[in-house]
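A short worksheet on the structure shown next.
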2 protein chains.
Amino acid sequence: MAKKRASITDLAEQLNIAASTVSRALNGHSAISEATTKRVLALAKELGYQPNNMAAGLRRGRSNMLGVVVPHIDGNFFSQVVKGIEASASKAGYHVLICQSNEDVVHERQNVETLLNAQVDGILVSLSRTTREFKHFEKVRKRDVPIVFFDRILEGYDVNAVVLDDRAGGYRATKHLLTQGYQRIAHFAGPQHLNIYKHRRQGYEEALREHGLPVDEELILFCDMKMQDGIVGTKQLLALPQPPDAIFSASDFTAAGALQVLKERGLQVPADMALVGFSNELFSRLTEPMLTSIDQHCEAMGHSATRLLLQIMKEQGQHFAPRHIVLQPELCMRASSLHQHQVELSYKKK
Amino acid sequence: MAKKRASITDLAEQLNIAASTVSRALNGHSAISEATTKRVLALAKELGYQPNNMAAGLRRGRSNMLGVVVPHIDGNFFSQVVKGIEASASKAGYHVLICQSNEDVVHERQNVETLLNAQVDGILVSLSRTTREFKHFEKVRKRDVPIVFFDRILEGYDVNAVVLDDRAGGYRATKHLLTQGYQRIAHFAGPQHLNIYKHRRQGYEEALREHGLPVDEELILFCDMKMQDGIVGTKQLLALPQPPDAIFSASDFTAAGALQVLKERGLQVPADMALVGFSNELFSRLTEPMLTSIDQHCEAMGHSATRLLLQIMKEQGQHFAPRHIVLQPELCMRASSLHQHQVELSYKKK
DNA sequence: AAACATTGGGCAAAAGTTTACGCAGCTATT
DNA sequence: AATAGCTGCGTAAACTTTTGCCCAATGTTT
């Protein structure tokens with residue numbers, strides 16, 4: 001059955017005018033008399049005319065699509081960022097094409113190729129964990145396709161990016177623990193070639209130094225940020241001659257692992273050991289005690305990155321200096337790091 | 001700078017052959033001599049030729065894109081389904097266009113329009129919570145665009161769908177509680193116009209009846225499945241003259257709310273009250289005690305729905321009877337519903 | 001009255017690909 | 001020797017929209 005879609009020329013024929021006139025009337029372009037415009041719009045509505053995007057795209061060289069490459073789309077952080085991206089993009093009349101790199105730089109390269117191939121008008125990328133170089137983005141630059149990186153970036157390259165102030169996040173988390181009176185604070189650190197984990201650690205160290213405390217290498221455990229790593233790491237910390245009295249974990253998952261071990265050992269949180277995580281995962285309000293964490297404003301990051309991309313697309317050709325937007329994280333204090341009498345101070349309703 | 005992309009005609013000119021020959025050589029289509037094909041491929045590689053998808057799409061009337069409409073893309077369930085969809089689609093050479101309805105039927109209607117407009121070759125939809133009729137999908141049928149619904153569907157319409165056997169899920173959860181010796185089992189039920197919640201309740205009632213127990217209306221609480229609803233509902237249940245000894249919640253969130261209240265009141269889980277949730281959210285392994293739940297195999301659902309859609313697309317024109325694929329949920333027994341000496345039996349590593 | 005500007009809209013090319021059709025030139029069959 | 005069939009490739013149309021250019025008609029100025 002499949003009714004043939006009405007095309008611009010169909011309208012033109014029925015109205016005895018030229019297709020170009022119809023096109024201009026529909027786009028409110030050049031000066032077309034109001035009478036003609038009205039006739040065109042009326043018939044368009046009657047026939048249920050829908051512009052053919054591919055034809056328009058072909059002609060204009062634009063597709064009205066934005067491409068997004070994320071390490072994976074499940075999980076709290078990226079799904080929320082993508083939510084923000086989709087919302088902003090669709091408001092601006094753009095579609096969103098989503099690819100997952102699966103934390104694999106090879107996939108990432110393919111994804112980028114794929115998106116260029118699909119002729120997206122702009123690209124948003126958060127790097128995979130295994131990405132250590134930038135070659136595969138050269139083509140993007142050569143094709144002059146605007147690109148904005150978010151959250152995970154490679155340092156030393158001048159690119160447009162929206163990132164979180166992870167250093168401030170690490171600093172605030174640690175400072176909070178210090179303010180609460182904890183003195184020997186351990187840190188679960190992630191892969192240091194990723195800006196985000198490096199900065200969280202730097203913020204941690206900065207807070208310690210500012211407080212006149214030494215940075216004890218023994219208390220910094222590098223791992224992959226899985227829950228299991230938190231379990232192993234915590235056992236390791238507890239086996240130290242002088243165990244810490246608090247842990248600042250660069251991920252809520254490792255913090256959850258820690259919590260589990262501590263409970264098993266009959267240790268009280270936060271009395272015997274305080275915990276602060278990072279990311280403000282959904283479950284951080286569901287643990288017992290509730291987990292203090294750093295909120296990343298994921299959705300805002302999606303919006304921000306999209307806005308930046310759209311702006312750069314508008315400026316095409318003018319090539320301003322790459323811009324960095326830095327978002328501020330927020331400390332969500334909860335029971336896992338608060339001394340007894342205090343309650344949850346910053347309750348962020350989602 | 002923006003290097004002009006090499007087109008098929010550029011190749012043709014340089015090789016002194018017709019564009020059509022190049023096209024056929026690239027697509028390995030009709031009989032083109034091996035020698036010519038090789039020459040074409042060589043030059044294509046040299047010039048970095050990338051086919052122009054919009055032109056091809058325009059000509060063929062296909063876009064190589066699948067559209068997806070979900071209520072929202074954050075949260076455990078949908079982000080995982082989408083992950084599955086994206087993976088399957090990209091393996092088959094399709095891109096994925098994602099829209100969020102924000103649980104709003106008005107948005108949903110727009111999303112569908114938008115996708116038709118973008119000329120997607122097929123559509124995957126999970127209905128918004130506020131969708132109670134099907135009008136906005138008529139256009140899809142008229143245009144003969146294949147469509148597959150997943151998880152949330154409207155009953156009484158003959159459509160292609162991939163759903164979970166929610167009834168079996170509800171049945172197994174309740175049966176499990178009964179097997180564990182619980183006798184008075186309450187149920188947090190979701191909006192009943194949605195198939196998923198209705199079926200979960202039906203499964204619950206079926207298990208009760210099968211066990212010779214009455215269905216006590218007093219013990220079934222209808223709500224919106226937020227954590228807050230679980231908190232309110234549990235208080236209500238505890239205030240009954242004869243409170244239940246177990247709750248089967250149609251969502252992990254309400255179950256988490258329940259858990260919180262029970263702890264506050266000093267009640268033991270599962271000794272005083274057992275809990276079973278639904279969805280196997282990430283956090284269900286992080287609560288104390290760990291929450292028994294029903295896993296929905298979200299990613300598998302994404303794969304399954306995509307496969308079905310692709311198959312229907314292949315059969316275009318032949319119009320077979322609508323197909324329903326029913327996936328089986330899995331009970332993940334954990335401490336919140338197991339009598340003391342038992343441990344987690346089915347540990348599903350994610 | 002002639003020159004000019006403005007308005008409204010048509011013509012045709014262009015974007016890059018696919019494909020039905022056809023045409024040579026050759027081999028094989030009758 | 002004539003017909004048929006195959007191989008390899010070219011021609012041209014088609015898909016739909018946009019846009020630079022042009023033209024006619026009307027209105028305005030000198």
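Throughout, a chain's letter reflects where its sequence line sits, starting with A, and its residues are numbered from 1.
Residue A:Thr9 has no polar side-chain atom (N or O) positioned under 4.0 Å from OP1 or OP2 of D:dT17. A:Tyr49 has no side-chain polar atom (N or O) that falls below the 4.0 Å cut-off from OP1 or OP2 of D:dT16.
Interface residues of residues 12-27 of chain A facing DNA chain D, ordered by number: A:Ser20, A:Ser23, A:Arg24, A:Asn27; criterion, heavy-atom separation under 4.0 Å.
Summarising the geometry, the separation between CG on B:Leu58 and C1' on C:dT19 is reported as 14 Å, rounded to the nearest angstrom. Taking atom CZ of A:Arg62 as the reference point, atom P of D:dT17 lies 16 Å away to the nearest angstrom. Rounded to an integer number of Å, the gap from CG of B:Asn52 to C1' of C:dG16 is 5 Å. In this structure, CD of A:Glu34 is placed 12 Å from P of C:dG9, rounded to the nearest angstrom. Going from atom CG of A:Asn64 over to atom P of D:dT17 covers 14 Å, rounded to whole Å.
Residues meeting the side chain to side chain donor-acceptor pair (under 3.5 Å) test with A:Gln296, sequence neighbours left out: A:Ser279.
Test A:Leu154, A:Leu127, A:Ile123 against A:Phe137 for side-chain contact (heavy atoms from CB on, under 4.5 Å) and you get one pass: A:Leu127. For the side-chain contact (heavy atoms from CB on, under 4.5 Å) criterion with A:Tyr94, the lone passing option out of A:Met313, A:Glu86, A:Met65 is A:Met313.
If you check every strand for non-hydrogen atoms under 4.0 Å, B:Thr36 touches sugar and phosphate atoms only.
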Side-chain donor-acceptor pairs under 3.5 Å in residues 41-51 of chain A, sequence neighbours left out?
none

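In this structure, B:Glu108 contributes its side chain and B:Ser101 its backbone to no donor-acceptor pair below 3.5 Å.
A perpendicular orientation is assigned to the rings of B:Phe78 and B:Phe150, their planes being inclined by more than 60° (bins at 30° and 60°).
Toward the 5′ end of DNA chain D lies the nearest nucleotide of B:Ile32, the other residue of the pair B:Ile32 and A:Arg60 mapping further downstream.
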